[in-house]
Structures are given as structure tokens and as C-alpha cells.
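These figures come from a predicted structure and were not determined experimentally. Scope of the values below: all heavy atoms of this structure, side chains included, with no hydrogens, waters or symmetry mates.
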Amino acid sequence: MPDPTDDLHFLRDPYPTYATLRAACPVQQVPTSSGGHTSYLVTGHAEARAALVDPRLSKDTAAFFVDKNSRRRLHPAVARNMLATDPPQHTRLRKLVTKAFTTGAVTELRPFIAQTTEALLTRWPAGETFDFVAGLAVPLPVIVICELLGIPEEDRPTVQRWSGDLFAAGQPEIIDAASHHLADYMTNLVAAKRSAPGDTLLDRLISARDDDTHLTEEELVSLAVLLFIAGHETTTNFLGNATLALLQHPTALRRLRESPNDLPATLDELLRYDAPLSLTTFRYTTAPLTLGDVAIPTGTPVRIALGAANRDPQRFPEPDLLDLGRDATAHLSFGHGIHRCLGAPLAKAEAEIALRAVLTRHPHIRLAVPPAELRWRRTRLVRGLTSLPVLG
């Protein structure tokens with residue numbers, strides 16, 4: 001599999017490469033980006049789904065790298081976040097934040113999401129080019145998660161920039177520095193909130209920390225960092241990818257323009273068609289296991305290509321076709337199992353509200369540049385556009 005940060009053709013359209021890999025074998029041994037070691041890449045849907053729930057695939061990154069003399073200098077609050085833990089630690093941490101992202105909790109946020117969306121769209125000058133990514137896909141989820149956590153408005157551009165730096169593939173110094181900036185910022189924010197408590201999600205986590213010795217200060221800061229990053233990165237890419245997919249499929253776009261109430265039912269297909277996460281985060285085997293027909297030894301990294309699994313013809317016939325009538329609920333864009341994205345209801349609500357508002361305000365939206373001129377983020381983990389110029 002080519003390094004997506006080096007191959008512009010792969011960045012633009014990874015799915016032919018994924019199809020070739022999956023057809024050869026849905027679980028393949030591949031070289032890692034450094035050190036000459038090997039790992040396994042999963043591209044089949046059935047194999048990916050099985051891997052995502054197999055307890056022999058650990059996410060305890062710290063345990064894997066403990067004796068490997070890594071030169072990385074990630075802040076511990078970032079390196080040992082909830083996503084990089086296994087039960088029972090993961091179960092305990094996830095329980096603390098799950099209530100904030102239930103369907104009911106998200107329903108209460110919908111008026112704020114709608115108000116924010118309308119405010120952002122008023123900045124779209126009539127008849128002029130508008131960058132959908134910079135103007136809506138980035139700021140909307142950032143504003144929403146910052147509101148949830150209680151991050152002051154004046155700090156939001158800076159912390160959002162640090163979050164983006166965490167995905168700077170091939171630039172470990174930038175990634176490590178960003179991890180320290182974010183962790184230091186959240187440490188200071190926690191201290192400020194202790195002095196002047198409020199009623200945000202972060203305030204509630206601080207109360208849990210102060211009332212429950214089972215939550216350490218490092219875990220508190222780590223949760224704050226993770227919630228901020230996960231609370232907007234996936235949604236930003238989802239919004240950009242979904243909008244581009246609709247712009248490139250006029251029949252689908254016309255259907256939603258004429259029947260906007262169909263939007264909620266189409267979100268899973270839009271997520272399946274172009275997943276906002278290319279790969280899952282790090283996993284490794286703690287015991288020998290077999291995925292498909294491939295035996296994987298103990299102590300081996302395994303990466304799951306969610307975008308490839310979503311285009312597996314064994315699970316989704318004609319997978320390269322955007323079919324808004326398809327039942328795509330089995331997509332893996334939010335993961336599966338105990339690590340499934342807990343912010344999925346929030347991401348879907350933001351996408352539904354934003355796309356509905358765009359189609360209502362700008363029913364004749366179209367690309368302002370040829371598709372070949374669009375640029376994609378140079379990162380291995382997520383798939384998203386750096387900009388999406390549109391006219392409406």
C-alpha cells in the first residue's frame with residue numbers, strides 16, 4: 001500500500017488501490033513506514049468487523065512501545081488517551097463521558113447547532129466562491145465541541161490549529177510539539193475552571209476527578225484533549241467528503257434538494273461512500289489470531305482500513321456507486337465494538353443540520369473548480385479536503 005502522504009493520486013482516490021489489495025487478500029502483511037518491521041492491513045469488511053471486536057487486538061499503545069526505544073516525545077496525556085487503552089480502564093473512562101453524547105443529549109444541542117450553522121452561512125456572499133471547508137466544515141464542529149467543553153472563543157483558532165498538527169504525517173516533531181501545546185492548554189483550562197466552575201462537560205469531568213480518586217489528573221487532561229480532537233476532526237471530514245460526493249452525483253443532490261427530509265436516512269450511505277477516517281488508530285496482537293485465512297503472530301501491529309472495508313463488494317454490492325436508497329447501516333466509518341465513536345450521534349446531527357441548511361439556502365450549489373484541482377489532507381489517519389471551493 002503506498003504511503004498516502006507521498007502519492008497524490010492515492011490521496012485523491014484511494015479506492016482503486018484498496019480494491020486491488022482486497023481482491024488479492026483482505027488481510028495482508030505490509031511494511032511499516034519506518035524500521036523495516038511488518039504489520040498487517042485489513043481491507044475486507046468481514047475481517048475488519050471481526051478485528052474491531054477481537055479482544056486479542058489491544059489498543060494499549062504504551063505497553064507495545066515500552067521497550068522499543070521510541071524517539072517520539074508525545075505528551076503522556078495524548079499518548080495514553082482513552083482510545084489507547086483496553087478494558088477495564090477504557091470502560092471506566094468511557095462511562096464518564098458517554099452521557100454527553102447520547103441521542104437525547106444531542107437533541108438538546110440541535111438548536112445551538114442550527115443557530116451556529118445559520119450564522120456561518122450568512123458569511124457566504126451571494127454569487128461568490130465560498131470555501132465550504134474553511135467556512136463551515138471546520139468551524140461548525142469546532143464551535144460545538146468548544147461550547148460543550150467550555151473553551152473560550154478567543155482560544156478556539158489556536159487549539160484547532162494544534163489539533164490539525166497532530167495529523168501531520170511524516171512530521172513527528174510537529175506532532176509531538178502539538179501534543180504538548182494541547183495538553184498544557186487543557187491543564188491550564190482545568191485549573192481555571194476549578195477557580196471559576198461552570199456547567200460544561202469539562203466542569204463535570206473535573207467534579208468527577210475531584211470526587212472520585214479513580215480518575216487521575218493525567219486522565220482528566222487526556223479526556224479533555226481527546227474529546228476536543230475527536231469532537232470535530234471526524235465531523236469536519238464527514239461534512240467535506242459528503243458535500244463533495246453530492247456535488248459529483250447530481251441525481252443524488254437533486255433528490256435531497258427536492259426532499260430534504262430524506263437527509264437523515266442518507267447519512268450512513270454518505271459515511272460509507274467516503275469515510276472520514278481512512279485507518280483505525282493503532283492496534284497490536286497480544287496472542288496469535290487468524291483474520292480471514294491469515295494467521296497473525298503475537299506482538300504484531302494491525303491497521304484496519306475503514307474506507308476499504310466500506311467498499312467491500314461482498315458486503316455492499318456495487319460499492320463504488322453512491323446509492324442514497326441503500327441500507328448502509330453496516331458501514332464501519334465510526335468503528336465497531338467497544339471503541340465505536342461515542343460522538344457518532346453528534347456528528348450525524350451536525351451533518352444533517354448543516355447539509356439541510358446549505359441545500360435550502362443554496363439549492364444550486366456546485367463546484368467552483370475542476371475536481372482534479374481539489375487538494376486532500378496529507379495524513380494517513382483521516383481522509384478530508386483542505387478546501388472545497390463552491391458556488392451557489
Problem set entry | Worked verdict on R356 versus E352 for salt bridge (Lys or Arg N to Asp or Glu O under 4.0 Å) | CA-CA 6 Å; R356 186 190 297 268; E352 179 203 336; 3.2 Å; yes
Exercise. Has R377 got its NZ or CZ under 6.0 Å from the middle of the six-membered ring of F167, at an angle within 45 degrees of the ring axis?
Worked result: yes
Exercise. Aromatic rings Y284 and F64: how do their planes relate, parallel, tilted or perpendicular, breaks at 30° and 60°?
Worked result: tilted
Exercise. Can you tell me how far CG of D155 sits from SG of C146, rounded to the nearest 0.5 angstrom?
Worked result: 8.5 Å
Exercise. For the side chain of H362 and the backbone of H364, is there at least one donor-acceptor N/O pair under 3.5 Å apart?
Worked result: no
Exercise. Could you go step by step and tell me if I151 and I145 meet the side-chain contact (heavy atoms from CB on, under 4.5 Å) rule?
Worked result: CA-CA 8 Å; I151 296 175; I145 194 62; over 6 Å; no
For this session: Walk me through it: do F228 and H232 pass the test ring-ring contact (aromatic ring centres under 6.0 Å, His included)?
Result: CA-CA 7 Å; F228 173 70; H232 76 274; 4.7 Å; yes
For this session: Find out whether the Lys NZ or Arg CZ of R311 is both under 6.0 angstrom from the six-membered ring centre of Y15 and within 45° of the ring's axis.
Result: yes
Exercise. Would a line drawn from the ring center of Y273 to the ring center of F316 be shorter than 6.0 Å?
Worked result: no
Exercise. So do the side chains of V144 and F112 get within less than 4.5 Å of each other, counting heavy atoms only?
Worked result: yes
Problem set entry | I174 reachable from Y185 in the ILVMFWY side-chain graph, under 4.5 Å edges | no
Problem set entry | Nearest-0.5 Å distance that lies between atom CG in L8 and atom CZ in R378 | 5.5 Å
Seminar exercise, completed: Closest non-hydrogen contact found for A328 with E269 is CB-OE1, 3.4 Å
Exercise. Hey, what do you get for CG (L140) to OG1 (T236), rounding to the nearest 0.5 Å?
Worked result: 8.0 Å
Exercise. Does the side chain of S163 come under 3.5 Å of the side chain of E233 through a donor N or O and an acceptor N or O?
Worked result: yes
Exercise. With ring centroids as reference points, do H339 and H90 lie under 6.0 angstrom apart?
Worked result: yes
Exercise. Would you say T266 and R326 make side-chain contact, with heavy atoms under 4.5 Å?
Worked result: no
Exercise. Quick check: does any side chain N or O of T300 sit under 3.5 Å from a backbone N or O of T285, one acting as donor and the other as acceptor?
Worked result: no
Exercise. Got a donor-acceptor contact below 3.5 angstrom from the R383 side chain to the L11 backbone?
Worked result: yes
Exercise. Taking the side chain as C-beta and beyond, is there a heavy-atom pair between L41 and V27 under 4.5 Å?
Worked result: no
Problem set entry | Check: R73 main-chain N/O paired with D176 side-chain donor or acceptor under 3.5 Å | yes
Exercise. How far apart are the closest heavy atoms of N241 and P276, and which atoms are they?
Worked result: ND2-CA, 3.9 Å
Seminar exercise, completed: Nearest heavy-atom approach of A224 to L149 is O-CD1, 4.0 Å
For this session: Please work out which of the three classes, parallel, tilted or perpendicular, describes the rings of F65 and F282, given edges at 30° and 60°.
Result: tilted
For this session: Tell me, with the steps shown, if L148 and L109 meet side-chain contact (heavy atoms from CB on, under 4.5 Å).
Result: CA-CA 9 Å; L148 265 176; L109 280 171; 4.1 Å; yes
Exercise. Just by distance, do the side chain of R56 and the backbone of T286 share a donor-acceptor pair under 3.5 Å?
Worked result: no
Exercise. Is a side-chain N or O of T234 found less than 3.5 angstrom from the main chain of A230, in a donor-acceptor match?
Worked result: no
For this session: Look only at the side chain of N237 and the backbone of L239, and say whether a donor-acceptor pair between them is shorter than 3.5 Å.
Result: no
Exercise. Under 3.5 Å, side chain of E258 to main-chain N/O of R255, donor-acceptor pair present?
Worked result: no
For this session: Give a yes-or-no answer on whether the side chains of S58 and D60 include a donor-acceptor pair shorter than 3.5 Å.
Result: no
For this session: Salt-bridge test for R315 and E47: reply yes if a basic N is under 4.0 Å from a carboxylate O, no otherwise.
Result: no
For this session: Start with the C-alpha distance between R123 and E128, add both sets of side-chain angles, then the distance that settles salt bridge (Lys or Arg N to Asp or Glu O under 4.0 Å), and finish with yes or no.
Result: CA-CA 11 Å; R123 304 174 188 175; E128 295 185 19; over 6 Å; no
Exercise. Do the side chain of D13 and the main chain of H9 share a donor and acceptor less than 3.5 angstrom apart?
Worked result: no
Exercise. Stepwise, does the side-chain contact (heavy atoms from CB on, under 4.5 Å) test hold for T129 with V390?
Worked result: CA-CA 6 Å; T129 300; V390 294; over 6 Å; no
Exercise. With a 4.5 Å heavy-atom cut-off, do R361 and E118 have their side chains touching?
Worked result: yes
Exercise. With side chains defined as the heavy atoms from C-beta onward, is the minimum distance between L253 and L359 less than 4.5 Å?
Worked result: yes
Exercise. Salt bridge (Lys or Arg N to Asp or Glu O under 4.0 Å) between E153 and R156: does it pass, once the steps are laid out?
Worked result: CA-CA 5 Å; E153 187 172 350; R156 294 172 186 179; 5.2 Å; no
Problem set entry | Spacing of L381 atom CG and S278 atom OG [to the nearest 0.5 Å] | 7.5 Å
Exercise. What are the two closest non-hydrogen atoms of A357 and T117, and how far apart are they?
Worked result: CB-CG2, 3.7 Å
Exercise. Could you state the interatomic distance from CD1 (I296) to CG (D54), rounded to the nearest 0.5 Å?
Worked result: 9.5 Å
Problem set entry | CE-CG distance between M82 and L342, expressed to the nearest 0.5 angstrom | 5.0 Å
For this session: Check the hydrophobic clustering (I, L, V, M, F, W, Y; side-chain heavy atoms under 4.5 Å; chains of links allowed) and say if L246 and V369 are grouped together.
Result: yes
For this session: Evaluate side-chain contact (heavy atoms from CB on, under 4.5 Å) for T43 paired with I304, printing each intermediate quantity in order.
Result: CA-CA 7 Å; T43 54; I304 303 161; over 6 Å; no
For this session: Test salt bridge (Lys or Arg N to Asp or Glu O under 4.0 Å) on E219 and R80 and set out the steps.
Result: CA-CA 8 Å; E219 288 172 338; R80 300 170 190 164; over 6 Å; no
Problem set entry | T243 side chain reached by V358 side chain, heavy atoms, under 4.5 Å | no
Problem set entry | N81 side chain vs A77 backbone, donor-acceptor pair below 3.5 Å | no
Exercise. Is atom CD of E154 surrounded by more than 12 heavy atoms (other residues, nucleotides or ligands) closer than 6.0 Å?
Worked result: yes
Exercise. How about E217 and V190: do any of their side-chain heavy atoms sit closer than 4.5 Å?
Worked result: yes
Exercise. With no hydrogens and no angle check, do the side chains of H331 and N310 hold a donor and an acceptor under 3.5 Å apart?
Worked result: no
Exercise. For the residue pair G337 and V53, what are the closest heavy atoms and their distance?
Worked result: CA-CG1, 3.8 Å
Exercise. When you check the gap from the basic side-chain N to the acidic O, do D203 and K193 get nearer than 4.0 Å?
Worked result: yes
For this session: Would you mind reporting whether L391 and I365 have side-chain heavy atoms less than 4.5 Å apart?
Result: no
Exercise. Are R12 and W376 in a cation-pi setup, meaning NZ or CZ lies under 6.0 angstrom from the ring centre and within 45 degrees of the ring axis?
Worked result: no
For this session: Grab the two heavy atoms, one from L271 and one from S333, that are nearest each other, plus how far apart they are.
Result: O-OG, 2.8 Å
Problem set entry | Side-chain donor-acceptor pair present, K59, T281, cut-off under 3.5 Å | yes
